[in-house]
Amino acid sequence: MSQDTLLKIEHLTAWYSKEKRILTDFNIELGSHEVVGLIGLNGAGKTTFMKTLSGLLNTYQVKEVIFQGQKLSFRDKSFKKKRYVVFAEEHSFQYFTFREYIDYVATSYGKELTDVESLVKGFHFEEYTDVLLKELSTGNLKKAYLITAFALKPQLLLLDEPVNGLDFQSTEYLYHLMEAYKEHGTLLFSSHILESISLTSDRVLVLENGQIKKHFEKEEINAENIREVLSEDESI
């Protein structure tokens, strides 16, 4: 394992029922400062992997998980404080306002969040900061969790379909934040939108039948190449 490796997972298998395994012998390695896009057809296992990595899915087996050179489990407290996840559909802490929620997160992670106001402005979220999360629209709820994520700047940031529900201006702003995130840590995100993948990623991993089957780097990353691979998968 390289000294620049942040996270390495070997031989992960995950399921919701034993009869249907979603991830099988799944392996992944993430560098310390990179933006990695994870793409695959519906049902390929993108969200399942995010749930497993975030400690929300207990039905899995794994040979080894190494984070910053140390073996751990997905639910270790030390690991939890170094990651943050925004899911495609997020409904936690619905009776908190955004201000209450982000204060809670700052306290939980033991960090001072200094960029909140600029992020609020960037996402055009100013008039919603004192609204209960349960009363926000889908798009504004997504903005609340994204603002929290980018203000927190964890060493490992996980975004599941981050563009879903966002307006054009917020999507463009999000792309800027994603592309620049390697200054702070590692960003792993799943998406079915080729633009998201091609504009922001240092590497692209293609998830097929529960495993990483193909990857693209640097000049290989373009919508045409990725579309061709997904079309091949769909025909299988």
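Predicted model only: the values in this text are computed from it and were never measured.
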Answer yes or no: is there a donor N or O on one side and an acceptor on the other, between the side chain of [X] and the main chain of [Y], under 3.5 Å?
| X | Y | answer |
| --- | --- | --- |
| E179 | H176 | no |
| S170 | L166 | no |
| T186 | S32 | yes |
| S201 | V35 | no |
| T148 | I102 | no |

Would you please name every residue forming a side-chain hydrogen bond (donor to acceptor under 3.5 Å, both in side chains) with [X], sequence neighbours left out?
| X | answer |
| --- | --- |
| E117 | R99 |
| R203 | E34 |
| S92 | E90 |

(request) Not counting sequence neighbours, list each pair that qualifies as a salt bridge (Lys or Arg N to Asp or Glu O under 4.0 Å) and has a residue in residues 185-199. (result) none
(request) Not counting sequence neighbours, list each pair that qualifies as a salt bridge (Lys or Arg N to Asp or Glu O under 4.0 Å) and has a residue in residues 60-86. (result) E64-K71
(request) Using the ring pair (Phe, Tyr, Trp, His ring centres under 6.0 Å) rule, collect all pairs that involve residues 131-161, keeping only residues at least two apart or in two chains. (result) Y101-Y145, F150-Y181
(message) Per the ring pair (Phe, Tyr, Trp, His ring centres under 6.0 Å) rule, what does the pair list look like for residues 11-44, sequence neighbours excluded?
(response) F26-F49
(message) Determine whether T13 and V62 satisfy the following criterion, side chain to side chain contact (heavy atoms under 4.5 Å, CB included), listing intermediate values before the conclusion.
(response) CA-CA 6 Å; T13 298; V62 65; over 6 Å; no
Not counting sequence neighbours, which residues clear salt bridge (Lys or Arg N to Asp or Glu O under 4.0 Å) with [X]? List them please.
| X | answer |
| --- | --- |
| D103 | none |
| K143 | D167 |
| D202 | K182 |

Closest approach of [X] and [Y], non-hydrogen atoms and distance?
| X | Y | answer |
| --- | --- | --- |
| G37 | I197 | CA-CD1, 3.8 Å |
| F79 | S73 | CD2-O, 4.0 Å |
| F98 | A144 | CE1-O, 3.5 Å |
| Y173 | S118 | OH-O, 3.6 Å |
| L207 | G45 | CD2-C, 3.4 Å |
| E10 | K8 | OE2-CE, 3.2 Å |

(message) With a 6.0 Å cut-off (strictly less than), is the heavy-atom count around NZ of K213, excluding the residue itself, greater than 12?
(response) yes
(message) Would you say that more than 12 heavy atoms from the other residues, nucleotides or ligands in this model lie under 6.0 Å from the CD of E217, or not?
(response) yes
Gap separating the [atom1] atom of [X] from the [atom2] atom of [Y], nearest 0.5 angstrom:
| X | Y | atom1 | atom2 | answer |
| --- | --- | --- | --- | --- |
| I9 | L53 | CD1 | CG | 5.0 Å |
| L174 | L119 | CG | CG | 10.5 Å |
| T52 | N58 | OG1 | CG | 9.0 Å |
| L205 | Q211 | CG | CD | 13.0 Å |
| M50 | F189 | CE | CZ | 9.0 Å |
| S198 | F216 | OG | CZ | 11.5 Å |

Show me, pair by pair, the donor-acceptor contacts under 3.5 angstrom made by side chains of residues 153-165, not counting sequence neighbours?
unit_1	atom_1	unit_2	atom_2	d
K153	NZ	D115	OD2	2.3
D160	OD1	T47	OG1	3.4
D160	OD1	S190	OG	2.6
D160	OD2	T47	OG1	3.0
E161	OE1	H192	N	3.2
E161	OE1	H192	ND1	2.9
E161	OE2	H192	N	3.4
E161	OE2	H192	ND1	3.4

For residues [X] and [Y]: do they belong to one hydrophobic cluster (side chain heavy atoms under 4.5 Å, members Ile, Leu, Val, Met, Phe, Trp, Tyr)?
| X | Y | value |
| --- | --- | --- |
| L56 | L12 | yes |
| F74 | I22 | no |
| L6 | L188 | yes |
| L57 | F87 | no |

(message) Under the criterion side chain to side chain contact (heavy atoms under 4.5 Å, CB included), I'd like the reasoning laid out for L177 against F123: C-alpha separation, chi angles, the key distance, then a yes or no.
(response) CA-CA 11 Å; L177 294 173; F123 278 108; 3.7 Å; yes
(request) Dump the intermediate steps for side chain to side chain contact (heavy atoms under 4.5 Å, CB included) on E172 and F168, then the final yes or no. (result) CA-CA 6 Å; E172 291 294 302; F168 175 78; 3.7 Å; yes
(request) With side chain to side chain contact (heavy atoms under 4.5 Å, CB included) as the test, would you mind laying out the steps for N27 and I212 before giving the verdict? (result) CA-CA 7 Å; N27 300 281; I212 302 296; over 6 Å; no
(request) Would you check, one step at a time, whether the test side chain to side chain donor-acceptor pair (under 3.5 Å) holds for T5 with E29? (result) CA-CA 7 Å; T5 299; E29 187 169 326; 2.8 Å; yes
(request) Could you tell me whether the side chains of S196 and Y175 share a donor-acceptor contact shorter than 3.5 Å? (result) yes
Donor-acceptor pairs under 3.5 Å, side chain of residues 126-141 to any protein atom, not counting sequence neighbours: which ones?
unit_1	atom_1	unit_2	atom_2	d
S137	OG	N140	N	3.3
S137	OG	N140	ND2	3.3

(request) Taking the side chain as every heavy atom from C-beta outward, state whether M178 and L187 have any atom pair closer than 4.5 Å. (result) yes
